[in-house]
Amino acid sequence: MTGARVTAADWGWRHAGRSRPAVSALNLDIRPGERVLLLGASGAGKSTLMHALAGVLGDDEDGDETGALLVDGQRPSQARGRVGLVLQDPDSQVVLARVGDDVAFGCENLGVPRDEIWPRVATALTEVGLDLPVRHPTSALSGGQKQRLALAGVLAMRPGLVLLDEPTANLDPDGVVEVRDAVVRSVAASGATLIVIEHRVAVWQDVVDRVIVLDPGGGVLADGATEAVLTAEGERLAAAGVWIPRYPPARPVRSTTPENRAGETLLSGDALAVGRVPFARKQAVVVADGIRFDVRAGTATAITGANGTGKSTLALTLAGLLKPAGGTLAAETALAGHLGSAPRRWRSRDLLTRIGTVFQDPEHQFLAGTVRDELSIGPKALGLTSAQQAERVDELLSRLRLDHLADANPFTLSGGEKRRLSVATVLATRPRLLVLDEPTFGQDSRTWAELVSLLAELLDTGTAVIAVTHDADFVAALADVRLALPAARPATLPVGAA
């Protein structure tokens, strides 16, 4: 199989209802077999271009297209089987209930002979490091495991054009290297063309041939051989928000010293165990146990560890959204007030100003039709006046570079924009404790710095932060405490214990 050719001639796309196009005046010629790293500031249109190349961008009702975008001389919608796309949100690509069936799904749709499909499935799962039985339920996978699953499904199809949108965003450091190397081996063996979006340049710069940087104002900011572009344009690209290793973003300066940061205790756990309930509630599995900790006002705790070790489950437990599988979890009076020590028994309204939770998937918490209305939900529920609501919302829109998207539908934002909005919706109610699951994924260096600076300011005012993260820069910038989870223990609990 040969790689696909990609051409764009004055191509552009404007989402319906948006005041400015997501991409405009784009001219490109990507040769068969090239490996391209696609860069640009958050919201520059990278994901829009990838969706367009995969033929899933939408029709005339979803937006307006200009110019021409072709794969092997055809419109992407006509290039069936030539393009494989891994989306930013792996949940949206899980189709079937079992791991093996999900990986096989694309091959079956392409009419691959049955006796060839399952060897492809086994090879793809091995390549991406997803060491699970083919009958393992997809509902029991962590976010990072779902990313590996989605990539395995694409590699098994053996397309001529492989499109990866932040493929390592929710992976642990070892998993990042493993998945990257699997992609490189696969495209080298098949001759496929590769286009990958990744804010962190260092991950891919040594394995791609070319770097293309989209300009948020339209067209291309830079295009050429990897080392030449990063050397000649590094400073300018860093200023535009691209993560260039030689130009890291500034870290915030906390107003308190580490020894003076710990305030009153808000949450405490003793020999805590947390459980995950797999598909159909057939059994409960301990994913983390023996955890003892205190969460104190004004401190940041980073929860780290490999994919599948229970980080997200632990975060949801600490947020009062899951019942612990064992041990004790208690909210202290400083956080609970008169509500009692069990956060999971509190009402939603009580949680608003006490514990704010940002889920791993931003879309799981969107409720409104516009960004502004989404940010207003919490302040409105607190009974703030219209003026107070507007003041909080406008401040967050400006600080997190979402002001130009105030009237946009949250579900049409880029992955990085959705993540900033999901964080902002929680900040709008100013809770005492923030529980954040991968708060910085999908961010360019400028929006990362804004988000981290905002969290630093909240910490200095006494807010506590618990963050599940694989972002070493985030840990170095904010974390006072690091809780590294070991590999999950395969102990089984009685049904209903979790």
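Keep in mind it's a predicted model, so treat the numbers as computed, not measured. We're numbering straight along the sequence, starting at 1.
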Heavy-atom side-chain proximity of Asp294 to Val481 below 4.5 angstrom: no
Dump the intermediate steps for side-chain contact (heavy atoms from CB on, under 4.5 Å) on Leu70 and Val6, then the final yes or no. CA-CA 6 Å; Leu70 304 175; Val6 173; over 6 Å; no
For the pair Lys146 and Asp361, find out whether any cationic side-chain nitrogen is under 4.0 Å from an anionic carboxylate oxygen. no
State, yes or no, whether a side-chain contact exists between Leu402 and Leu396 at a heavy-atom distance under 4.5 Å. no
Can Glu65 and Arg75 be counted as an ion pair, charged N to O under 4.0 angstrom? yes
Would you say the side chain of Arg354 lies within less than 4.5 Å of the side chain of Leu433, judging by non-hydrogen atoms? no
Side chain to side chain, Thr317 and Arg344, heavy atoms closer than 4.5 Å: no
Are Glu178 and Arg148 ion-paired here, with the side-chain N under 4.0 Å from a carboxylate O? yes
Do Arg180 and Thr168 meet the criterion of a side-chain donor-acceptor pair at a distance under 3.5 Å? no
Is any NZ, NE, NH1 or NH2 atom of the basic residue among Glu264 and Arg432 found under 4.0 Å from an Asp or Glu carboxylate oxygen of the other? yes
Would you mind reporting whether Leu26 and Trp13 have side-chain heavy atoms less than 4.5 Å apart? no
Checking side-chain contact (heavy atoms from CB on, under 4.5 Å) against Leu163, which of Leu87, Leu53, Leu194 comes through? Leu53
